[in-house]
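Down below is the structure, laid out as structure tokens.
In each ligand, atom 1 is the first atom listed, and ligand 1 is the first ligand listed.
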Amino acid sequence: MANWEELERRCLGCQKCALADTRTHVVFGKGPRDAKIMFVGEGPGENEDLQGEPFVGRGGQLLDEMLGLVGLSREKNFYITNIVKCRPPKNRDPLNTEQDACIGYLWEQMELIRPKIVVCLGRIAAMRLIKPDYRITKEHGQWEEKDGVLYTAIYHPAALLRDPTKKPDTFADLREIRAKIRELCPEAYG
Ligand code: URA
């Protein structure tokens, strides 16, 4: 099994797909490496590409605010990353071939972290990590167990910025996530 330093070095130098040609930074992930909870988005946007950190744009600010309300922060108790680690041009959805090339890095991150709970941010991550025909409007907030890890999905923060009427559903999902954390890994809340 890889260690963090070796994995990060490999990922930062990755040339496995064409996104390597247009990226400014590889966006590896952020947060405590012993977190019990992981959040996974689809891929870096412009701000993330420029800064090398996941979810640092307007969507990221909204996400941090909402997660803060249920006691979660990337400084303290969750790790956050993406399905693809390099920005797709013009923020298009990552292609399946790009996801296939990149997903191994996420599996290695999960092997090292061994999270109890994985929260997919939006449809693309849910389709990749939960099931290919995942319907975010119907299935957000539901739980799915795979190999001893509990998965759920919430709306992507960009979707909440576009349509704030979705926020109450996301708050309800986050309260359920908080309850599940208290049940499965209360130590995450210190
Ligand atoms: N959207 C994502 O899915 N991930 C990011 O890191 C930023 C925006």
Side-chain angles (χ1 to χ4, degrees), residues 7-8 11-12 14 16-20 22-33 35 37-68 72-110 113 115 117-132 134-137 139-141 151-164 166-167 169-170 173-174 177:
L7 173 60
E8 185 164 10
C11 188
L12 296 189
C14 184
K16 286 191 199 174
C17 83
L19 298 183
T22 49
R23 73 181 177 224
T24 312
H25 288 105
V26 174
V27 180
F28 181 66
K30 181 90 181 170
R33 291 174 166 184
I37 307 124
M38 277 179 88
F39 284 79
V40 183
E42 58 188 70
E46 184 180 18
N47 292 297
E48 292 76 21
D49 175 64
L50 291 173
Q51 295 180 44
E53 264 194 41
F55 286 97
V56 289
R58 268 181 74 217
Q61 278 169 25
L62 174 64
L63 182 69
D64 282 345
E65 278 167 30
M66 294 182 74
L67 295 183
L72 292 171
S73 86
R74 60 178 87 185
E75 282 76 37
K76 235 174 44 202
N77 50 13
F78 69 82
Y79 190 86
I80 186 162
T81 186
N82 285 297
I83 299 282
V84 300
K85 311 300 196 217
C86 297
R87 182 191 182 199
K90 299 189 187 142
N91 297 348
R92 63 160 169 73
D93 292 347
L95 305 174
N96 279 331
T97 49
E98 293 158 353
Q99 295 185 32
D100 291 345
C102 207
I103 195 78
Y105 295 120
L106 180 65
W107 299 141
E108 290 191 71
Q109 287 172 313
M110 284 183 64
I113 294 178
I117 292 173
V118 174
V119 181
C120 302
L121 295 167
R123 181 180 65 95
I124 300 281
M127 287 171 68
R128 190 73 204 201
L129 299 185
I130 301 177
K131 57 177 182 178
Y134 194 88
R135 299 280 308 274
I136 189 85
T137 40
E139 295 177 279
H140 67 84
Y151 290 82
T152 190
I154 61 176
Y155 285 117
H156 194 283
L160 299 179
L161 288 173
R162 274 195 306 273
D163 178 7
K166 290 188 164 80
K167 280 186 188 176
D169 274 2
T170 301
D173 293 344
L174 289 174
I177 291 167

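- Looking at heavy atoms from C-beta onward, L19 lies in side-chain contact with P89 at the 4.5 angstrom threshold.
- Side-chain contact between V40 and C120 is absent, with no heavy-atom pair separated by less than 4.5 Å.
- Look at H156 and you'll find a heavy atom under 4.0 Å from some atom of ligand 1.
- Of the candidates P54, P88, G43, G43 brings a heavy atom nearest to atom 2 (C) of ligand 1.
- Under the salt bridge (Lys or Arg N to Asp or Glu O under 4.0 Å) test applied with E98, the options R128, R92, R87 reduce to a single match, R92.
- At a heavy-atom distance under 4.0 Å, atoms from both the backbone and the side chain of E42 approach ligand 1.
- When only interatomic distances are considered, the shortest N/O to N/O separation between F55 and ligand 1 falls below 3.5 Å.
- With respect to atom 4 (N) of ligand 1, the closest heavy atom belonging to the protein is N82 OD1, 2.8 Å.
- Taking each heavy atom of K85 and T81 in turn, the nearest pair found is NZ-OG1, 3.0 Å.
- The number of heavy-atom neighbours closer than 6.0 Å to NZ of K30, taken from other residues, nucleotides and ligands shown, is 12 or below.
- Ligand 1 places these atoms under 4.0 Å from at least one heavy atom of G41: 3 (O).
- Taking the charged nitrogens against the carboxylate oxygens, R123 and D93 do have a contact shorter than 4.0 Å, which makes a salt bridge.
- Using 4.0 Å as the threshold, L121 has no heavy atom nearer than that to any atom of ligand 1.
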